[in-house]
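We count residues from 1, following the sequence as given. As the structure lists them, so they are numbered: ligands from 1, and atoms in each ligand from 1. On a predicted model such as this, the values are computed, not experimentally measured, just so you know.
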Amino acid sequence: MTETVLITGGARGIGKKIAEDFATLGYNVCINYNKSEKEASILKEELASMGYSVLMCKADISKENEAREMIDTILKTFGKIDILVNNAGICNYELFTDISYDNIKKIIDTNLLGTINVTKEVLKKSMIKNQSGNIINMSSIWGIVGGSCEVVYSMTKAGIIGFTKALAKEVSLSNIRVNAVAPGVIDTDMLSNLNKEDIDNLKEQIPLNKIGTKEDVSNVVLFLSSNKSKYITGQVISPNGGFIM
Ligand code: NAP
């Protein structure tokens, strides 16, 4: 039976590349999006025209009911979810003393609560029932070492690491693996607040002397979702060009 993968925030950025890569491997690919409906439709059409099996799933993952309805729709369509990639996330570049309460709540609700909402439904309704599954959570190097002017974002990404380790222990006997990917600086819309000088400064601090690509992250996700990593759970792998060691 064809395996099914759900990628949150799969219509653009890193999530889009992950969705494309899973599609080419023959998975049923569920692409969650919130605001990027147009990008999701274009991606679905592109992949469907190549014969791949794709489902577009609208949900603001920070809302429990939307996450629940999305999972129910996927299970009605494909029967099970084998791999969950909790990729959706937002950031904010601002002094901690300046960030508004609304922005703090939005970052926590998306990055932490969103991951919780989706994972809980997938575990309860599919993976634990099937005694099989694989969950990959998107953290960040800032969740490991902390990023100045990204304090709340760093806090949520550190939270994702704690979540990954604790959940990996809790569900291991159900044959479910849980790991995290903690990318360094990757070329996506998330870098749009940086100018050329900022990017050049960053490159100088990265031993491999370049910004990472979406493929660099997707390759790690594919490894963690494959049998090649079958003895790996509760771990954090960081594609970062040596930026942090
Ligand atoms: P991006 O291009 O800004 O994309 C963010 C994605 O998150 C979009 O697909 C967006 O979907 C989705 N999203 C945001 N809020 C959502 C919500 N409430 N419900 C559902 N989806 C939501 O960012 P990216 O660089 O690809 O980042 C992907 C992940 O990698 C994030 O978790 C990020 O923290 C992490 N990361 C990125 C970098 C980097 O340098 N780029 C480094 C380390 C970690 P819509 O557009 O449909 O709303």
Side-chain angles (χ1 to χ4, degrees), residues 6-21 29-44 56-71 84-93 103 105-119 121 136-147 150 152-161 163-164 180-194 198-199 202-203 205-206 210-218 220-221 236-241 243-244:
L6 164 61
I7 301 125
T8 64
R12 62 189 180 90
I14 293 169
K16 179 182 177 194
K17 176 65 181 148
I18 296 169
E20 289 167 343
D21 287 351
V29 177
C30 306
I31 299 172
N32 158 255
Y33 65 96
N34 182 32
K35 294 186 183 148
S36 299
E37 176 146 25
K38 198 169 154 215
E39 289 84 346
S41 307
I42 293 169
L43 180 59
K44 185 193 159 153
M56 273 170 65
C57 313
K58 160 100 178 85
D60 175 346
I61 58 161
S62 68
K63 308 229 164 74
E64 194 185 359
N65 62 323
E66 294 193 25
R68 189 186 318 118
E69 282 160 24
M70 170 175 73
I71 301 309
L84 167 62
V85 184
N86 283 311
N87 163 76
I90 55 173
C91 70
N92 170 285
Y93 197 77
N103 272 341
K105 197 166 171 332
K106 213 169 144 204
I107 296 170
I108 293 174
D109 284 357
T110 305
N111 298 4
L112 286 178
L113 210 52
T115 300
I116 289 170
N117 290 338
V118 177
T119 307
E121 291 294 311
I136 294 138
N137 300 317
M138 206 57 80
S139 178
S140 160
I141 51 167
W142 304 130
I144 301 173
V145 296
E150 294 187 275
V152 177
Y153 176 76
S154 300
M155 181 190 84
T156 62
K157 293 299 178 177
I160 289 291
I161 293 174
F163 174 74
T164 299
V181 180
V185 186
I186 308 297
D187 185 14
T188 71
D189 293 346
M190 212 169 246
L191 299 194
S192 57
N193 60 325
L194 305 178
D198 295 330
I199 300 274
L202 276 169
K203 273 193 210 161
Q205 296 172 58
I206 299 172
K210 53 188 166 202
I211 301 297
T213 64
K214 293 162 205 151
E215 188 186 10
D216 293 325
V217 182
S218 183
V220 178
V221 172
V236 183
I237 301 188
S238 184
N240 65 47
F243 195 13
I244 65 159

Residue list, ring-ring contact (aromatic ring centres under 6.0 Å, His included) with F163, at least two apart or on another chain: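 Here no residue qualifies.
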For the student: nearest non-hydrogen atoms of N92 and E150, plus distance: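 Result for this residue pair: O-CG, 3.6 Å.
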Those residues that, when tested against L191, pass side chain to side chain contact (heavy atoms under 4.5 Å, CB included) (two or more places apart):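 Only V185, L194, I199, I211 meet the side chain to side chain contact (heavy atoms under 4.5 Å, CB included) criterion with L191.
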Residue pair T115, N137: steps toward the side-chain hydrogen bond (donor to acceptor under 3.5 Å, both in side chains) verdict: CA-CA 8 Å; T115 300; N137 300 317; 5.6 Å; no
Under the salt bridge (charged side-chain N to carboxylate O under 4.0 Å, His left out) test, residues paired with D216 that sit two or more places apart: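 Not a single residue meets the salt bridge (charged side-chain N to carboxylate O under 4.0 Å, His left out) criterion with D216.
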Polar side-chain atom of N32 near backbone of G9 as donor-acceptor pair, under 3.5 Å: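 Side chain of N32 to backbone of G9: a pair is present.
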For ligand 1, list every N/O pair with the protein closer than 3.5 Å, one pair per line with the distance.
unit_1   : atom_1 : unit_2 : atom_2 : d
ligand 1 : 2 (O)  : R12    : NH1    : 3.3
ligand 1 : 3 (O)  : R12    : NH1    : 3.4
ligand 1 : 7 (O)  : G89    : N      : 3.4
ligand 1 : 9 (O)  : G9     : O      : 3.1
ligand 1 : 18 (N) : D60    : OD1    : 2.9
ligand 1 : 19 (N) : I61    : N      : 3.1
ligand 1 : 25 (O) : T188   : OG1    : 2.5
ligand 1 : 26 (O) : I14    : N      : 2.8
ligand 1 : 32 (O) : N87    : O      : 2.7
ligand 1 : 32 (O) : K157   : NZ     : 2.9
ligand 1 : 34 (O) : Y153   : OH     : 2.6
ligand 1 : 34 (O) : K157   : NZ     : 3.1
ligand 1 : 40 (O) : I186   : N      : 2.9
ligand 1 : 40 (O) : I186   : O      : 3.3
ligand 1 : 41 (N) : I186   : O      : 3.3
ligand 1 : 41 (N) : T188   : OG1    : 3.1
ligand 1 : 46 (O) : R12    : NE     : 2.8
ligand 1 : 46 (O) : R12    : NH2    : 3.3
ligand 1 : 46 (O) : S36    : OG     : 2.5
ligand 1 : 47 (O) : N34    : N      : 2.8
ligand 1 : 47 (O) : K35    : N      : 2.9
ligand 1 : 47 (O) : S36    : N      : 2.8
ligand 1 : 47 (O) : S36    : OG     : 3.4
ligand 1 : 48 (O) : K35    : N      : 2.9

